[in-house]
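Below is one structure; the comments refer to it alone.
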Amino acid sequence: MHIFALGASRNIGYYAAHRMSPLLHLGALSVSSNIPKGLLSKGNTVTFVLRSPATLEADEALKEYVSNGKARLVKGDALSADDIKAAWLGAVAVAPVDFIMFTVGSPTATFSFREGFVIHPRDLCTRSLLTLIKAIHSATPSHLIPRLVVLSSTGLTRQSKAVLPWLLRPLYGWLLHVPHDDKKGMEAVVHEGWGKPYEEGETPDESVLPAGWKEGLPSTGGGWAKQSVIIRSAFLLDGELKEQYRAQPGDFTTTWISRQDVGHFIAERLVNEWKTFGGNIVTVGN
């Protein structure tokens, strides 16, 4: 397989991409070397699109794969259509892309008593995903959009909030309101790819999804990425890999999960059980 990865310089995208090797160090974090093998060690290729390739160039766990061409480190900004188009054309020149792993997130946020945590830009995930899809379609209009794996969160919409633990509702309703609006915009884009309407009344306003946002997508009628997956992870912690989590289509009550376990789900379960999870919102949590 060939995986095109955005947002994989750290956290879940990094862990998913590195499930393929017996890691000793993830940056400054020491991890047991008995991590189950996954993508790269099985001969797969991962194209990492990175604002700063130096982030991973010095990574000891990647050196073997960088040298043999299985880990491709490509400089690019997820908000730049030109960067994404160039990265995409370079990737498909190596091998067709089987799926796109989109785990973009803001590494920093400011705090406001009125709005809680505010990411910059406020539409980072939504705009990055739209930029990605439109750039791919523009670069290779005759190609189908590969399957997307998009990282989202529990507690975004009325339906998902209805099963959210009471302890998390103030956190999600106030402190994370702005980043969650961005996630809803991102989910609405994936629903367009499925050819399905998003949950009624939950599509964010034009500060996240501007007027005419569908222009430039592969099809104005939607349905161009029917086997894609939205992962709604529970509240994320920097805990150890335990492999003791639930993952199923739809919403269910769950509190937390470690980033390593979400990475495990992507690399070890999703790629092997796509018939079960494809075309669905999949909740992953404890």
- Do other residues, nucleotides or ligands put more than 12 heavy atoms under 6.0 Å from the NZ atom of Lys226? no
- Query: Just by modelled atom types, is the Lys214 backbone N or O under 3.5 Å from a matching donor or acceptor in the Glu192 side chain?
  - Reply: no
- Distance only, no hydrogens: is a donor on one side chain within 3.5 Å (strictly under) of an acceptor on the other, for Tyr15 and Asp261? no
- Item | Min side-chain heavy-atom separation Ile133-Pro218 under 4.5 Å | yes
- Query: Is any side-chain heavy atom of Lys63 less than 4.5 Å from a side-chain heavy atom of Asp59?
  - Reply: no
- Message: Between Asp83 and Asp77 (side chain of the first, backbone of the second, donor and acceptor by atom type, cut-off under 3.5 Å), is there such a pair?
- Response: yes
- If only atom types and distance count, is the side chain of Asn280 paired as donor or acceptor with the main-chain N or O of Val282 below 3.5 Å? no
- Inter-residue atom distance Lys70.NZ - Thr47.OG1, 0.5 Å rounding: 11.0 Å
- Walk me through it: do Leu167 and Thr255 pass the test side-chain contact (heavy atoms from CB on, under 4.5 Å)? CA-CA 9 Å; Leu167 214 61; Thr255 307; over 6 Å; no
- Could you walk me through whether Tyr172 and His180 pass the ring-ring contact (aromatic ring centres under 6.0 Å, His included) check? CA-CA 8 Å; Tyr172 280 40; His180 279 188; 5.0 Å; yes
- Item | ILVMFWY network linking Leu132 to Leu79, side-chain heavy atoms under 4.5 angstrom | yes
- Item | Hydrophobic cluster identity match, Phe48 and Val262, side-chain contacts under 4.5 Å | yes
- Give the minimum heavy-atom separation between Val163 and Thr253, together with the two atoms involved. O-OG1, 2.9 Å
- Is the Phe117 to His177 ring centre distance short of 6.0 Å? no
- Query: Any side-chain heavy-atom pair from Val66 and Glu57 closer than 4.5 angstrom?
  - Reply: no
- Any chance you could lay out the side-chain contact (heavy atoms from CB on, under 4.5 Å) test for Arg72 and Val46, step after step, and finish with the verdict? CA-CA 6 Å; Arg72 303 181 63 253; Val46 180; over 6 Å; no
- Exactly one of Asp181, Leu156, Leu151, Thr126 clears side chain to side chain contact (heavy atoms under 4.5 Å, CB included) with Met186, and that residue is Thr126
- Item | Interatomic distance, Thr55 atom OG1 to Leu50 atom CG [nearest 0.5 angstrom] | 6.5 Å
- Task: Could you pull out the closest heavy-atom pair between Ala247 and Arg269, with the gap in Å?
- Result: CB-NH1, 3.8 Å
- Mind running side-chain contact (heavy atoms from CB on, under 4.5 Å) on Trp274 and Thr276 for me, showing each step along the way? CA-CA 5 Å; Trp274 216 292; Thr276 299; over 6 Å; no
- Go through the side-chain N and O atoms of Ser160 and Thr157 and say whether any donor and acceptor fall under 3.5 Å apart. yes
- Message: Using a strict threshold of under 4.0 Å (side-chain N to carboxylate O), is an ion pair present between Glu115 and Arg122?
- Response: yes
Distance-only donor-acceptor hits, side chain of residues 229-237, under 3.5 Å, sequence neighbours excluded:
unit_1	atom_1	unit_2	atom_2	d
Arg232	NE	Glu187	OE2	2.9
Arg232	NH1	Asp251	OD1	2.9
Arg232	NH1	Asp251	OD2	3.3
Arg232	NH2	Glu187	OE1	2.7

- Message: For Arg51, is the CZ atom crowded, meaning more than 12 foreign heavy atoms sit under 6.0 Å from it?
- Response: no
- Task: Might you work through the side-chain hydrogen bond (donor to acceptor under 3.5 Å, both in side chains) test for Ser106 and His120, ending with a clear yes or no?
- Result: CA-CA 7 Å; Ser106 177; His120 305 282; over 6 Å; no
- Query: Within the distance-only criterion (no hydrogens, no angle test), does the side chain of Trp174 pair as donor or acceptor with the backbone N or O of Phe113 below 3.5 angstrom?
  - Reply: yes
- Message: Counting C-beta onward and ignoring hydrogens, is there a side-chain heavy-atom pair between Ile136 and Ile145 closer than 4.5 Å?
- Response: yes
- Query: So, the side chain of Ser228 versus the backbone of Ala225: is there a donor-acceptor pair under 3.5 Å, distance only?
  - Reply: yes
- Task: Enter the distance from Lys242:NZ to His264:NE2 here, rounded to the nearest 0.5 Å.
- Result: 14.5 Å
- Short side-chain donor-acceptor distance under 3.5 Å, Asp205 and Ser207: yes
- Query: Are Met101 and Met1 connected in the hydrophobic side-chain network, where two residues link if heavy atoms are under 4.5 Å apart?
  - Reply: yes
- Query: Would Tyr245 and Val284 count as a side-chain contact (heavy atoms from CB on, under 4.5 Å) if you check the C-alpha gap in whole Å, the side-chain angles of each, and the deciding distance to 0.1 Å?
  - Reply: CA-CA 7 Å; Tyr245 57 82; Val284 183; 3.9 Å; yes
Counting only pairs under 3.5 Å, give me each side-chain donor-acceptor contact of residues 85-99, with atom names and distances, residues two or more places apart or in other chains.
unit_1	atom_1	unit_2	atom_2	d
Lys85	NZ	Ser138	OG	3.1
Trp88	NE1	Thr140	OG1	3.2
Asp98	OD2	His2	N	2.7

- Item | Shortest non-hydrogen separation from Ile281 to Trp194 and the atoms involved | N-CH2, 3.7 Å
- Task: Write down the atom of Thr154, the atom of Leu164, and the distance for their closest heavy-atom approach.
- Result: OG1-CD1, 4.1 Å
- Query: Say you draw a straight line from OG of Ser52 to NZ of Lys75; how long is it, rounded to the nearest 0.5 Å?
  - Reply: 6.0 Å
- Query: What distance do Glu202 atom CD and Gln159 atom CD have between them, rounded to the nearest 0.5 Å?
  - Reply: 9.5 Å
- Message: Taking Glu200's backbone N and O only, do any of them form a donor-acceptor pair with Arg158's side chain (distance below 3.5 Å, no angle check)?
- Response: yes
- Item | Flag, side chain of Thr131 to backbone of Ala81, donor-acceptor distance under 3.5 Å | no
- Task: Check the pair Phe277, Phe265 against ring-ring contact (aromatic ring centres under 6.0 Å, His included), reporting the backbone distance first and the verdict last.
- Result: CA-CA 11 Å; Phe277 298 118; Phe265 168 72; 5.1 Å; yes
- Same cluster for Leu209 and Tyr198 if Ile/Leu/Val/Met/Phe/Trp/Tyr side chains link at under 4.5 Å? no
- Message: So which atom in Ala135 and which in Ile84 form the shortest heavy-atom distance, rounded to 0.1 Å?
- Response: CB-CG2, 3.8 Å
- Item | For the student: nearest non-hydrogen atoms of Val189 and Leu130, plus distance | CG2-CD2, 3.8 Å
- Query: Arg246 side chain to Asn286 main-chain N or O, any donor-acceptor pair under 3.5 Å?
  - Reply: yes
- Message: Take a 6.0 Å sphere around NZ of Lys196 and say whether it holds more than 12 heavy atoms from other residues, nucleotides or ligands.
- Response: yes
- Task: Look up atom CD in Gln260 and atom CD in Glu243, then write down how far apart they are to the nearest 0.5 Å.
- Result: 10.0 Å
- Query: Given the rule that I, L, V, M, F, W and Y join up when any side-chain heavy atoms are under 4.5 Å apart, are Tyr65 and Val74 in one cluster?
  - Reply: no
